[in-house]
Amino acid sequence: MVSAIYYFATTEDQLMLLDHLGERMRVTLHPWWTVADPIVTWTRDDALRASEVMVASAELGGPIAIRPGDPAMEEFSRAGVFNRINWERMSSNEGKGIVDPNSSPVLFWQPAAVGEEGIIRTSSIGSQADHPAAISEAYDRWVKRTASWVRRRGTRVWGLEQDSLRPDLDFQIDVLNSIYALPGALEKLESGVAGRR
């Protein structure tokens, strides 16, 4: 993910995030990468069971779909290479396209919650665009506001800075990024639930 915030969350925490985003009124949830016509819309329950979710804002517009032959798919940039790789990853693309991350004002959300095995995994939300402001200033502000919401509501429990490490919590994390714990997740982590990437 190009611009994302990582966090631990319970289902209730994730629902608070969706409330903040305005799900149902201002944003809709969709499968990530694949863009069908008409676009498939998910419920909150569908999205919470998925590993990759697209969050689209009615105000900013939906995803821009690309297919082989489109300029974004054929360019010799890093984005073009990843677009071709992602096209190949999709098993059945007939009548569908994939999200062009450098044109689509959408968020990429990877929800995770406390699993049955007593482990809480990291979630993330952000933009896949190389430069969100190149899509629009309003989109760039949305990406930043979303990350800011997680920071304000969460507690940093992992990161490079010594004061952000919580040695009292059971972590096995292999990333250098700061990771926040939303309130419900922090309570679970402090009660002994393990945090994993």
With a 4.5 Å cut-off on side-chain heavy atoms, are [Y] and [X] touching?
X      : Y      : result
Val55  : Leu29  : yes
Arg151 : Tyr180 : yes
Arg153 : Met16  : no
Trp158 : Arg166 : no
Pro101 : Asn83  : yes
Pro31  : Met54  : no
Tyr7   : Leu17  : yes
Ser103 : Ile135 : no

Establish whether [X] and [Y] are linked, either directly or via other cluster members, by ILVMFWY side-chain heavy-atom contacts under 4.5 Å.
X      : Y      : answer
Val40  : Trp109 : yes
Trp149 : Ile125 : yes
Val99  : Met73  : yes

salt_bridge([X], [Y]) N-O dist < 4.0 Å:
X      : Y      : answer
Glu23  : Arg44  : yes
Asp140 : Lys144 : yes
Arg196 : Asp174 : no
Lys96  : Asp37  : no

Specify the closest pair of heavy atoms between [X] and [Y], including all atoms of both residues, with the distance to one decimal.
X      : Y      : value
Pro111 : Ala50  : CG-O, 3.5 Å
Leu189 : Ala194 : CD2-C, 4.1 Å
Ala47  : Val53  : O-CG2, 3.5 Å
Leu182 : Val150 : CD2-O, 3.9 Å
Gly97  : Trp87  : CA-CZ3, 4.0 Å
Ala185 : Thr10  : N-CG2, 3.5 Å

Kindly say whether [Y] contributes a backbone atom to a donor-acceptor pair with the side chain of [X] at under 3.5 angstrom?
X      : Y      : answer
Asp100 : Ile66  : no
Ser191 : Lys188 : yes
Asn102 : Asp130 : yes
Arg26  : His20  : yes
Ser123 : Ala112 : yes

Evaluation steps, side chain to side chain donor-acceptor pair (under 3.5 Å), between Tyr139 and Ser57:
CA-CA 9 Å; Tyr139 173 62; Ser57 164; over 6 Å; no
To the nearest 0.5 Å, what is the distance between [atom1] on [X] and [atom2] on [Y]?
X      : Y      : atom1 : atom2 : result
Ile5   : Thr146 : CD1   : OG1   : 9.5 Å
Gln14  : Leu18  : CD    : CG    : 7.0 Å
Asp170 : Glu190 : CG    : CD    : 13.5 Å
Leu48  : Thr43  : CG    : OG1   : 8.5 Å
Ser104 : Leu60  : OG    : CG    : 11.5 Å
Leu186 : Thr155 : CG    : OG1   : 5.0 Å

Determine, step by step, whether Trp42 and His30 satisfy the side chain to side chain contact (heavy atoms under 4.5 Å, CB included) criterion, reporting the C-alpha distance in whole Å, the side-chain angles of both residues, the deciding distance to 0.1 Å, and the verdict.
CA-CA 5 Å; Trp42 279 345; His30 311 277; 5.9 Å; no
Please verify the inter-ring angle class for Phe8 with Phe171; under 30° counts as parallel, over 60° as perpendicular, anything in between as tilted.
parallel
Begin with the C-alpha distance, continue with both residues' side-chain angles, and end with the deciding distance and a verdict on side chain to side chain contact (heavy atoms under 4.5 Å, CB included) for Tyr6 and Ile173.
CA-CA 12 Å; Tyr6 294 84; Ile173 300 173; over 6 Å; no
Within the supplied structure, the quantity of interest is the number of heavy atoms (other residues, nucleotides, ligands) at a distance under 6.0 Å from Glu187 CD; does it exceed 12?
no
Is it true that, when you exclude Glu75 itself, more than 12 heavy atoms of the residues, nucleotides or ligands shown sit nearer than 6.0 Å to its CD?
yes
Checking side-chain polar atoms at under 3.5 Å, does Gln110 have a donor or acceptor matched by the opposite partner on Ser124?
yes
Output, in order, the C-alpha distance, side-chain angles, deciding distance and verdict of side chain to side chain contact (heavy atoms under 4.5 Å, CB included) for Arg197 and Gln172.
CA-CA 7 Å; Arg197 171 87 165 92; Gln172 285 183 9; over 6 Å; no
